[in-house]
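By convention in this document, chain letters (A, B, ...) are assigned in the order of the sequence lines, proteins followed by strands, and residues within each chain are numbered from 1.
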4 protein chains.
Amino acid sequence: MKKDDITTEEKIINASIELFSEKGFDSTKTSEIAKNAGIAEGTIFRYFKTKKDILMSIVTKAIQFFSEKFVVIPLNKILHTEKPEEEILFDLLKDRYGMITKNFSIIKVVGTEALTKEKIREKLVEHIAIKTLEIGEEFYQQGVEKGIFRDLPPRTVVRSLFGSIMMLIAEQQFLPDDKKSKDVDNEIRMIVEIFINGIKSRKEQ
Amino acid sequence: MKKDDITTEEKIINASIELFSEKGFDSTKTSEIAKNAGIAEGTIFRYFKTKKDILMSIVTKAIQFFSEKFVVIPLNKILHTEKPEEEILFDLLKDRYGMITKNFSIIKVVGTEALTKEKIREKLVEHIAIKTLEIGEEFYQQGVEKGIFRDLPPRTVVRSLFGSIMMLIAEQQFLPDDKKSKDVDNEIRMIVEIFINGIKSRKEQ
Amino acid sequence: MKKDDITTEEKIINASIELFSEKGFDSTKTSEIAKNAGIAEGTIFRYFKTKKDILMSIVTKAIQFFSEKFVVIPLNKILHTEKPEEEILFDLLKDRYGMITKNFSIIKVVGTEALTKEKIREKLVEHIAIKTLEIGEEFYQQGVEKGIFRDLPPRTVVRSLFGSIMMLIAEQQFLPDDKKSKDVDNEIRMIVEIFINGIKSRKEQ
Amino acid sequence: MKKDDITTEEKIINASIELFSEKGFDSTKTSEIAKNAGIAEGTIFRYFKTKKDILMSIVTKAIQFFSEKFVVIPLNKILHTEKPEEEILFDLLKDRYGMITKNFSIIKVVGTEALTKEKIREKLVEHIAIKTLEIGEEFYQQGVEKGIFRDLPPRTVVRSLFGSIMMLIAEQQFLPDDKKSKDVDNEIRMIVEIFINGIKSRKEQ
DNA sequence: CATGAATGAGAATTCATTCAT
DNA sequence: TATGAATGAATTCTCATTCAT
């Protein structure tokens, strides 16, 4: 692996992700992709038959990547650990938070396209959303069986927790600096705490 | 005022919302808007200088509409009621859920544009996001003062609850029928319950 | 003749002359003509089949008007007077200058159109240019016969004098105030003087 | 540098000058420019952002070109010569006549635009009209100082002579062949003669 | 393989003209 | 007769894609 070992195809993909996430697919011109990638416009079409193929390549790679990261890896973590559930949850969510944040550009691209393209939405739902929920539900069920968690509808629990984390990510991505939380680690910890213990005052119980 | 009193401008706006939300702004042709609105293509430009102006009009109207619905109205509901907090929350979230679901097309349009357009994002954050959070935080603080809620960071609590509801909405909008929850009312009730009581087994306490 | 005795057709013509001379025929929209004339856009087409017909009407009227003013009237003045030639010339040119200046808008319109429209140019040449030259030449010939003027090619003399006056008009119309001559009467008098006596120093003779 | 070294941009400019001068800017379609230039319509917009930019490019280039030809070059001719004034004038005017006639298309384009566009008119006045007058006045003043010319208002003299030449050009450009002068050289010579000696019969003096 | 000028199909936009009221 | 909203043909302009070098 030499230093400049980035292929022309990768240059195109990277430039495209950056521009698509900034301005959207349709508003990004192939001339801009070329300039951003440091290549000639015509060169793009030696690697991708059409502009749409670039998008599809990004989407396909992203779904593969995230389906692996979200689905395969956590399974092992969850099943083979002795830590308390609160810790497991914190680790898991922090890991997810980091991964989503690090790859936010590509997620924005895929997510935006999913809004209007049935096919992409279906793949996203099938390969990531459903499986992620299933793993979460599995984890929750184990807790229920161990008597750690109450016997609530797992889907509802998992979906809600995931929503809380997504909202934290949205806040960090879209709010101006002076409006967003500073200590993300602590935010994640608080979210887990709230989920586990609820917000009701102890006096009430 | 005759029976079919829908102005040409409204026809254009409605057709545009439908198409923009389905296919996105750029992929929607003005010829399609015209056909969908049942008017000639040229007529569009008597009402909107450019295609982009249609989008801007939709966004502006939407922000006005939702800023009123989300910000002004709930304040009264929250401050002048004697119901238990759990009921207030349920009513409020159900109301929000209904409103978002009913106007999902327009929200999709505005949301999608906000992803790539700084200006729109700023307006959305300023007029809706921040204010909605503030009202939620106000409500939570009152509960804390009354000793009903624990003294947790209000922003975190509100954001998490809002995220949970948004995820329910996303599920309902994007998952295929066989994968999504059937009884939304009950889902909302569960979400409130989880938030208030947490998921920890009673035995643990 | 009541005060507001200006017909709708005249309103359209006047508004059109003003706008055509300011912005050109093609750049003037019928909507602007209507607004300027204080009528509805559709009304224009009750009086003129097409926008081009307005222009043609203006051009035709203008050619009629100027052909009368330039050709018929001066003939009499020239033939039935006892004043010295220098005075006749001054009177004639001052009269022409005033008429052109007063009607400059309409002349600008007709002139501009003549540049690109063969038909209009032909009419202008036939009905005004040639006849004006002929009258001038006739006047000059009389002077030659009387021994007042040298026997020079009449066309050259008349054309040159007319050019000098036109250039004065151009200066007055197009130069900024601080660059143009103040005393037009005197300018005309000077032009006549130069033509009659030349610019050569007397010492030289 | 190959034989047919005319750039695409030049093709567009040349085709545009030809068409604009024939039919006017607004009546010339970009499709016609493309056909006339032997290129695809879209190619035009690789070189000029808008159709108007073609016009502006022509105007700018023309003003530069003529300001150089009219202002810089003649100064030297006038100041460094020993010929009699009549000869200098004839040479100068013949030179101007040739240049204007050769570039009449482009002058027609710029002139027409100047009639309706303040900005262009200002540039034309500032860079060409005023300077040309100044040079003429300088030349005349020298003659006055040498005692060759009478002490008349230089502006009036120069403007009038320039007007006479312009009218000759107009005649040549716009009158039908059978109506216009045949021997232009002689016409120019006559104009100079008339200016220098006037039209008054010698007997009168 | 890379280039970038040229292409042309397709989209947005303009505006004179029509016509129901 | 006057109106002005609606029309749609005509035009400008965009940009992904091609292809000769």
Novice: Heavy atoms within less than 4.0 Å of DNA chain F: which residues of residues 15-30 of chain D have one? Give them sorted by number.
Specialist: D/Thr28, D/Lys29, D/Thr30

Novice: Just jot down the ring pair (Phe, Tyr, Trp, His ring centres under 6.0 Å) partners of C/Phe174, sequence neighbours excluded, or say none.
Specialist: C/Phe104

Novice: List the residues meeting salt bridge (Lys or Arg N to Asp or Glu O under 4.0 Å) with B/Glu32, not counting sequence neighbours, and say none if there are none.
Specialist: B/Lys23

Novice: Report the residues that fulfil salt bridge (Lys or Arg N to Asp or Glu O under 4.0 Å) with B/Glu18, sequence neighbours left out, ordered by chain and then residue number.
Specialist: none

Novice: Expressed as a whole number of angstroms, how long is the span from D/Ile54:CD1 to F/dT11:P?
Specialist: 15 Å

Novice: Could you give all pairs that pass the salt bridge (charged side-chain N to carboxylate O under 4.0 Å, His left out) test and reach residues 42-53 of chain A, with sequence neighbours left out?
Specialist: none

Novice: Please report the distance, rounded to the nearest Å, between CG in C/Asp53 and P in E/dT18.
Specialist: 11 Å

Novice: How would you list, by chain and number, every residue that makes a side-chain hydrogen bond (donor to acceptor under 3.5 Å, both in side chains) with C/Lys35, sequence neighbours excluded?
Specialist: none

Novice: Not counting sequence neighbours, which residues clear side-chain hydrogen bond (donor to acceptor under 3.5 Å, both in side chains) with A/Glu41? List them please.
Specialist: A/Thr30

Novice: Between atom NZ in D/Lys52 and atom C1' in F/dT11, what is the gap in whole Å?
Specialist: 16 Å

Novice: Suppose the criterion is ring pair (Phe, Tyr, Trp, His ring centres under 6.0 Å): which pairs have a residue in residues 19-63 of chain D, not counting sequence neighbours?
Specialist: D/Phe20-D/Phe25

Novice: Taking all atoms of both residues into account, what is the closest heavy-atom pair of B/Ala34 and B/Ala40, and its distance?
Specialist: CB-C, 3.8 Å

Novice: Return the value, rounded to whole Å, for the distance between atom NZ of D/Lys51 and atom C1' of E/dT13.
Specialist: 14 Å

Novice: Expected output check: what is the dot-bracket annotation of DNA chain E, where ( ) and [ ] are pairs inside the strand (brackets for crossing ones), | is paired with another strand, and pairs are Watson-Crick or G-U under 3.5 Å?
Specialist: .||||||||||||||||||||

Novice: Of all the heavy-atom pairs spanning D/Thr43 and D/Ile12, show the shortest one and how long it is.
Specialist: O-CD1, 4.4 Å

Novice: Quickly work out the D/Lys35 NZ to E/dT7 P distance and round it to whole Å.
Specialist: 15 Å

Novice: Can you find a side chain N or O atom of B/Thr8 that sits less than 4.0 Å from OP1 or OP2 on F/dA6?
Specialist: yes

Novice: According to the salt bridge (charged side-chain N to carboxylate O under 4.0 Å, His left out) rule, which pairs have a member within residues 110-127 of chain A, sequence neighbours left out?
Specialist: A/Glu113-A/Lys117, A/Glu118-A/Arg121

Novice: Which residues in residues 36-49 of chain D have a heavy atom closer than 4.0 Å to any atom of DNA chain E?
Specialist: D/Ile39, D/Ala40, D/Gly42, D/Thr43, D/Arg46, D/Tyr47

Novice: Which residue pairs pass the side-chain hydrogen bond (donor to acceptor under 3.5 Å, both in side chains) test with at least one member in residues 56-66 of chain C, sequence neighbours excluded?
Specialist: none

Novice: Output the rounded distance in Å from CD (D/Glu9) to C1' (E/dA6).
Specialist: 15 Å

